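Input: one structure, supplied below.
Please read these numbers as outputs of a predicted model, since none were measured by experiment. Below, chains carry the letters A, B, ... as their sequence lines are ordered, and counting in each starts from 1.
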There are 2 protein chains.
Amino acid sequence: MNTVLLVEDEKEIRRFVRQALQGEGCQVREAETMAQGLQEAASVKPQLIMLDLGLPDGDGVDFVQRLRSWSQVPVLVVSARSTEHDKILVLDAGADDYLTKPFSVGELLARVRALLRRSRTDNELTTPVVQFGNVEVDLTRRLVSKAQQPVHLTAMEFKLLSVLLANAGRVLTHRHLLREVWGGTHSDHNHYLRIYVAHLRQKLEDNPTQPVYLQTEIGVGYRFQP
Amino acid sequence: MNTVLLVEDEKEIRRFVRQALQGEGCQVREAETMAQGLQEAASVKPQLIMLDLGLPDGDGVDFVQRLRSWSQVPVLVVSARSTEHDKILVLDAGADDYLTKPFSVGELLARVRALLRRSRTDNELTTPVVQFGNVEVDLTRRLVSKAQQPVHLTAMEFKLLSVLLANAGRVLTHRHLLREVWGGTHSDHNHYLRIYVAHLRQKLEDNPTQPVYLQTEIGVGYRFQP
DNA sequence: TCACGCATTTACACCTTTTTTACACTCACC
DNA sequence: GGTGAGTGTAAAAAAGGTGTAAATGCGTGA
């Protein structure tokens with residue numbers, strides 16, 4: 001059975017949409033705020049997230065970006081705001097579809113079906129907790145532990161680790177990592193990467209001098225190997 | 001590069017959309033009828049199909065159903081007809097998104113990007129792995145193994161191997177290989193090839209002195225024989 | 001204000017890869 | 001049998017990338 005997470009503050013709409021989705025045979029979870037929505041997304045692991053942009057406690061673009069750092073779950077955005085600019089921003093942030101209020105139930109359900117059809121229930125990408133060796137990383141809570149002992153990572157270290165983990169097995173070029181972690185302007189400071197990868201190895205690898213999980217691809221970049 | 005197939009009968013709109021998509025770095029193929037569209041979809045294998053429902057020679061629902069019998073390529077439907085019923089029918093037939101004319105270029109492109117983004121990550125799950133003998137090469141992850149043991153290749157070695165594998169069975173001239181791997185300026189250093197082909201044989205062939213997969217074509221170049 | 005943590009910079013030793021250089025081998029041809 | 005073009009190995013020298021440690025700068029909260 002598919003689970004849909006509904007992030008919406010208006011009780012009336014929640015009730016309305018919930019009934020429609022349940023009629024489709026979906027299980028429905030609800031969240032009233034974006035913060036709560038992110039938590040639910042992590043714990044419930046829904047097959048689809050339906051997000052209202054008009055929530056008081058946060059920006060939809062930010063929500064999607066943070067979600068996308070660890071999950072590929074399809075996101076259907078619903079909003080009363082419907083300027084072209086809004087749509088483009090949130091779609092490019094990683095949302096999959098955008099529906100303008102007021103919408104018809106039929107179309108909503110058809111779009112939900114289309115998204116669910118495509119969605120793969122591949123938990124690998126949607127698991128907020130990544131494990132390797134005796135290390136555990138909780139991407140949403142920003143908690144890292146090694147051998148049951150908490151490990152403190154700085155903001156940059158954590159961001160770098162997140163990007164590497166989100167692309168497990170793949171080689172990420174220096175350029176790509178720098179753009180993701182430091183932003184476009186620093187795409188030529190390869191030194192940064194060496195230093196921060198060294199930090200991560202020091203904190204997470206059993207034998208930092210012979211890394212197993214954080215591998216170097218000389219001349220290319222780095223790779224997280226689970 | 002992504003290829004988009006545009007199935008649309010109005011010349012003006014084709015020109016308009018083509019320019020927008022090309023501005024995104026997409027290659028664009030065009031079809032004026034649904035029949036032609038299906039043919040092109042089969043031969044071109046685009047990463048995305050943009051379909052106008054208002055074509056004279058057929059029904060969009062039928063088009064999508066027939067397409068879906070053999071292809072999972074994302075379909076973005078565009079139409080002047082915009083009754084809820086139309087949308088639901090074509091979405092349930094297998095289309096992925098529905099945009100009502102007139103639409104803004106910005107939103108169109110954002111939705112195209114969203115669809116391409118998802119199909120790309122879908123494809124990455126099924127990584128193409130080339131096998132020969134007891135050797136496995138994962139081109140996208142840059143991983144090579146022989147008899148289940150990981151084999152380390154340098155950047156140049158991997159690049160050379162990639163080019164050879166991408167043209168399996170065909171002879172590649174010295175000139176061609178040098179231009180692909182080292183760039184145009186080094187197209188006369190045949191020595192390099194001998195050295196690096198030797199490295200690859202040493203690492204991948206069962207009997208490096210009598211190569212089976214990496215063959216020499218004397219006076220011409222090299223060939224990868226699967 | 002001060003101490004502290006973190007991002008950034010600097011410095012240096014080390015290692016891998018690339019390029020260069022040298023030499024042995026094959027095989028047709030004279 | 002010599003010759004020479006094309007090829008395969010094995011080493012060097014050169015170039016460039018990498019890992020570590022420590023110093024600097026900068027903002028924050030005590």
- Task: Provide, to the nearest angstrom, the distance between the OH atom belonging to B/Y192 and the P atom belonging to D/dT7.
- Result: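 Distance check: B/Y192 OH to D/dT7 P gives 17 Å.
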
- Message: Between the side chains of A/D9 and A/R14, is the shortest nitrogen-to-carboxylate-oxygen separation below 4.0 Å, so that they form an ion pair?
- Response: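 Between A/D9 and A/R14 there is no salt bridge, as every charged N stays at least 4.0 Å from the carboxylate O atoms.
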
- Item | D/dG19 phosphate, OP1 or OP2, under 4.0 Å from A/R194 side-chain N/O |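 Result: no.
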
- Task: Provide, to the nearest angstrom, the distance between the CG atom belonging to A/L160 and the P atom belonging to C/dC6.
- Result: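 Rounded to the whole Å, the gap is 16 Å.
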
- Taking only the side-chain heavy atoms of A/M156 (C-beta and beyond), determine which of D/dT20, C/dT8, D/dT7 contains the nearest atom.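 Selected nucleotide (nearest to the side chain): C/dT8.
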
- Task: Among the candidates C/dT16, C/dA7, C/dT8, find the nucleotide nearest to the side-chain atoms of A/I218.
- Result: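 Looking only at side-chain atoms, A/I218 lies closest to C/dT16.
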
- Message: Whole angstroms only, please: what is the CG-P distance between A/L177 and D/dT18?
- Response: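 Taking CG of A/L177 and P of D/dT18, I get 12 Å after rounding.
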
- Hey, are A/R68 and A/D92 close enough for a salt bridge, meaning a charged N less than 4.0 Å from a carboxylate O?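 Looking at A/R68 and A/D92, the cut-off is not met.
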
- Message: Quick test of your reading of the model: are A/E12 and A/R15 salt-bridged, counting only N-O distances below 4.0 Å?
- Response: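 Result for this pair is yes, salt bridge flagged.
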
- Any sub-3.5 Å donor-acceptor pair from A/E30's side-chain atoms to A/L6's backbone N or O?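 No.
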
- Among C/dT16, C/dT18, D/dT20, which nucleotide sits nearest the side chain of B/Y196?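 The listed nucleotide nearest to B/Y196's side chain is C/dT18.
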
- Query: Starting at CG of B/N190 and ending at P of D/dG6, how long is that distance when rounded to a whole Å?
  - Reply: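 Interatomic distance, CG of B/N190 to P of D/dG6: 9 Å.
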
- Give B/H199 one of three labels, base, sugar-phosphate or nothing, depending on what nucleic acid heavy atoms sit under 4.0 Å from its own.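 Nothing: the residue B/H199, judged by heavy atoms under 4.0 Å, touches no strand.
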
- Starting from C1' on D/dG17, measure out to NE2 on A/H174 and report it in whole angstrom.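 Answer to the nearest Å: 8 Å.
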
- Using whole Å, report how far CG of B/N207 lies from P of D/dT9.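 Taking atom P of D/dT9 as the reference, CG of B/N207 is at 10 Å.
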
- Within the structure, does a side-chain N or O atom of A/T154 lie under 4.0 Å from either OP1 or OP2 of C/dG5?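 False: A/T154 side-chain N/O out of range (4.0 Å or more) of C/dG5 OP1/OP2.
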
- Given C/dT17, is OP1 or OP2 found less than 4.0 Å from the side-chain N or O atoms of B/H152?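 It does, given that an N or O in the side chain of B/H152 lies less than 4.0 Å from OP1 or OP2 of C/dT17.
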
- A/R201 side chain near D/dG19 phosphate (N/O to OP1/OP2, under 4.0 Å):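 Answer is yes, contact under 4.0 Å.
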
- Message: Please confirm whether the shortest side-chain N or O distance from A/T209 to OP1 or OP2 of D/dG19 is below 4.0 Å.
- Response: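 It does not, given that no N or O in the side chain of A/T209 lies less than 4.0 Å from OP1 or OP2 of D/dG19.
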
- Message: Pick the closest DNA chain D nucleotide for B/P211 and for A/G221 by heavy atoms, then say which residue is nearer the 5' end.
- Response: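 First, find each residue's nearest nucleotide; the 5'-ward one identifies B/P211.
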
- Identified side chain to side chain donor-acceptor pair (under 3.5 Å) counterpart of A/T216 within the set A/R194, A/R201, A/R223: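 So, applying the side chain to side chain donor-acceptor pair (under 3.5 Å) to A/T216 and each of A/R194, A/R201, A/R223, only A/R201 qualifies.
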
- Item | Rounded distance (Å) that lies between atom C1' of C/dC25 and atom CD of B/Q210 |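 Whole-Å distance recorded here is 15 Å.
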
- Roughly how many Å is it from NE2 in B/H189 to C1' in D/dG6, rounded to a whole number?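 Whole-Å distance recorded here is 17 Å.
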
- Item | Side-chain heavy atoms of A/L76 within contact of A/L115, under 4.5 Å |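 When only atoms from C-beta onward are counted, A/L115 and A/L76 do touch, with a gap below 4.5 Å.
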
- Message: Please determine whether a side-chain nitrogen or oxygen atom of B/Y222 lies at a distance below 4.0 Å from atom OP1 or OP2 of D/dG6.
- Response: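 So the side chain of B/Y222 is outside the cut-off, no N or O lying under 4.0 Å from OP1 or OP2 of D/dG6.
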
- Of the candidate nucleotides D/dT18, D/dT7, C/dT10, which contains the atom at the shortest distance from the side chain of A/I195?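 Within the option list, the nearest is C/dT10.
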
- Message: Side chain of B/W182 only, heavy atoms from C-beta on: which candidate in D/dT9, C/dT18, C/dT19 is closest?
- Response: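 For B/W182, the side-chain atoms sit closest to C/dT19.
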
